[in-house]
Number of protein chains: 2
Amino acid sequence: MSLRHAILGFLSATPLSGYDLRKAMDASVQHFWPADQAQIYRTLARLVADGLVDVQEVDGDTRQRKLHFATAAGLAELDDWLRTIHPVEASREPFLIKMFFGGRIGAADVCALLLARRGEAEVLRATFQGIAASIPESGDLNTVLRRATLLSGLRYVEAEILWIDETLEALK
Amino acid sequence: MSLRHAILGFLSATPLSGYDLRKAMDASVQHFWPADQAQIYRTLARLVADGLVDVQEVDGDTRQRKLHFATAAGLAELDDWLRTIHPVEASREPFLIKMFFGGRIGAADVCALLLARRGEAEVLRATFQGIAASIPESGDLNTVLRRATLLSGLRYVEAEILWIDETLEALK
DNA sequence: TTATCATATATGACAAGTCCTATATTTGCA
DNA sequence: TGCAAATATAGGACTTGTCATATATGATAA
């Protein structure tokens with residue numbers, strides 16, 4: 001769905017090969033949009049077919065690679081999508097299914113699940129905090145927005161940890 | 001992935017038809033596991049094929065319907081899954097992609113997106129608060145857990161609203 | 001009595017994503 | 001020089017989920 005637009009977003013800044021795109025995504029939006037390599041190439045092909053992206057084979061360089069450029073139509077599509085107000089899409093949380101049916105396995109086992117998850121959340125929190133510390137609090141719009149996406153992840157894990165503690169307390 | 005287990009969870013409490021299952025899910029786990037009707041029927045068929053669920057056609061009732069029961073193997077599979085500690089699975093947030101590339105449309109348009117989302121979050125928050133108020137704070141394990149899954153949703157929207165306000169502030 | 005709604009199940013077409021595998025080149029290191 | 005790792009692209013098989021549609025019956029209200 002939005003992989004198309006994520007790709008257009010990256011290409012709006014600079015032309016990239018599929019390989020570069022993957023690296024760029026892994027390094028920046030991975031925590032809210034993990035991208036599969038095969039899916040990137042397929043989506044890229046689709047964008048080209050739709051006229052939103054142009055390809056240019058480059059072999060004058062060290063390697064032959066396919067540089068992808070956003071076309072004018074691609075940029076228009078991107079900006080259109082960016083400005084559109086889409087309703088919040090539902091997300092699936094397998095973990096909550098476990099909580100919901102946790103009565104079957106008993107409070108002790110449920111607490112073990114919660115504690116394991118808390119551990120993971122703490123690692124994530126530390127990671128986010130580390131990265132957030134490296135981004136200045138104010139700056140140009142792009143900097144503020146990039147920091148905001150990171151803080152979003154941070155706020156969510158923080159809320160998760162709080163919720164886990166609250167739940168652990170209620171289970172005692 | 002977990003729809004199988006969600007279904008087994010419901011059937012572990014009481015036999016249900018596909019139709020009843022859908023209603024039960026809509027009324028309880030919808031906010032963390034929205035289930036498509038077609039998907040429910042197909043998964044049910046799959047569970048039967050796998051020997052985790054038994055079907056019994058009932059027509060002595062007002063209508064002919066297919067009652068589904070969890071088998072012993074089904075319950076074993078469910079409890080196994082419930083006890084297994086799975087790593088946190090990544091979620092996709094199209095909205096954060098918009099934030100990430102929001103530089104293209106400018107601060108004013110980005111704020112509009114944030115405000116629209118804030119509105120939706122507030123509605124959700126009120127809904128969750130209303131339901132949470134109807135569940136006693138303490139009780140048996142099942143009650144505590146059901147309340148916990150609800151509070152999870154509430155904590156997340158609360159965090160979201162806080163994050164939006166924080167971001168709006170940073171954008172000024 | 002007729003229309004409409006809720007009940008009840010099911011299929012087809014499709015989209016998005018995952019996992020695995022294949023292939024070829026090129027760079028760097030030992 | 002030879003081998004491993006990184007670069008670079010791509011297809012097949014599959015799973016999960018969505019959307020639209022088909023079909024049939026029982027209940028209820030106009």
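The sequence lines fix the lettering, A, B, ..., with proteins before strands; numbering per chain opens at 1. Source: prediction; values computed, not measured.
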(request) Name the closest nucleotide to the B/Tyr41 side chain, picking from C/dT9, C/dT18, D/dA8. (result) C/dT9
(request) Take atom NE2 of B/His5 and atom C1' of D/dT16, then tell me their distance rounded to the nearest Å. (result) 14 Å
(request) Provide, to the nearest angstrom, the distance between the CD1 atom belonging to B/Ile40 and the C1' atom belonging to D/dT16. (result) 14 Å
(message) Whole angstroms only, please: what is the CZ-P distance between B/Arg22 and C/dA10?
(response) 15 Å
(request) Verify the contact: side-chain N or O of A/Thr43 to OP1 or OP2 of C/dA16, cut-off strictly under 4.0 Å; return yes or no. (result) no
(request) Identify the two heavy atoms, one from B/Met25 and one from B/Ala6, that lie closest to each other, and give their separation to 0.1 Å. (result) CE-CB, 4.0 Å
(request) Mind calculating the distance between CG (B/Leu67) and C1' (C/dT7) to the nearest angstrom? (result) 14 Å
(request) Looking only at side-chain atoms of B/Arg42, point me to the closest of C/dA10, D/dT18, D/dT9. (result) D/dT18
(message) Expressed as a whole number of angstroms, how long is the span from B/Gln30:CD to D/dG17:P?
(response) 15 Å
(request) Round to the nearest Å and state the distance from B/Glu57 atom CD to C/dT9 atom P. (result) 9 Å
(message) Could you check, using the six-membered ring where one of them is a Trp, whether A/Phe101 and B/His5 have ring centers closer than 6.0 angstrom?
(response) no
(message) Salt bridge check, B/Glu166 against A/Arg155: does any charged N sit closer than 4.0 Å to a carboxylate O?
(response) yes
(message) Check the phosphate of C/dT9 against B/Ser17, side-chain N and O only, distance under 4.0 Å to OP1 or OP2. Yes or no?
(response) yes
(request) Take A/Lys66 and B/Arg46, find for each the nucleotide of DNA chain D with the closest heavy atom, and name the residue whose nucleotide sits nearer the 5' end. (result) A/Lys66
(request) Could you work out which one of D/dA8, C/dC20, C/dT25 sits closest to the side chain of A/Ala38? (result) C/dC20
(message) If you only use heavy atoms from C-beta on, which nucleotide in D/dG17, C/dC19, C/dA10 is closest to the side chain of A/Arg92?
(response) D/dG17
(request) Mind calculating the distance between CG (A/Asp26) and P (D/dT7) to the nearest angstrom? (result) 12 Å
(request) Between B/Lys23 and B/Gln37, name the one whose nearest nucleotide on DNA chain C is closer to the 5' end. (result) B/Lys23
(message) Please confirm whether the shortest side-chain N or O distance from B/Tyr19 to OP1 or OP2 of C/dT9 is below 4.0 Å.
(response) no
(message) If I take atom CD1 in residue B/Ile7 and atom P in nucleotide D/dT16, what distance separates them, rounded to the nearest angstrom?
(response) 11 Å
(message) Show the nearest heavy-atom pair for residues B/Ile161 and B/Ala121, with the distance to one decimal.
(response) CG1-CB, 3.7 Å
(request) State whether A/Glu160 and A/Arg117 are salt-bridged, where the test is any N-O pair (Lys NZ or Arg NE/NH1/NH2 against Asp/Glu carboxylate O) under 4.0 Å. (result) yes
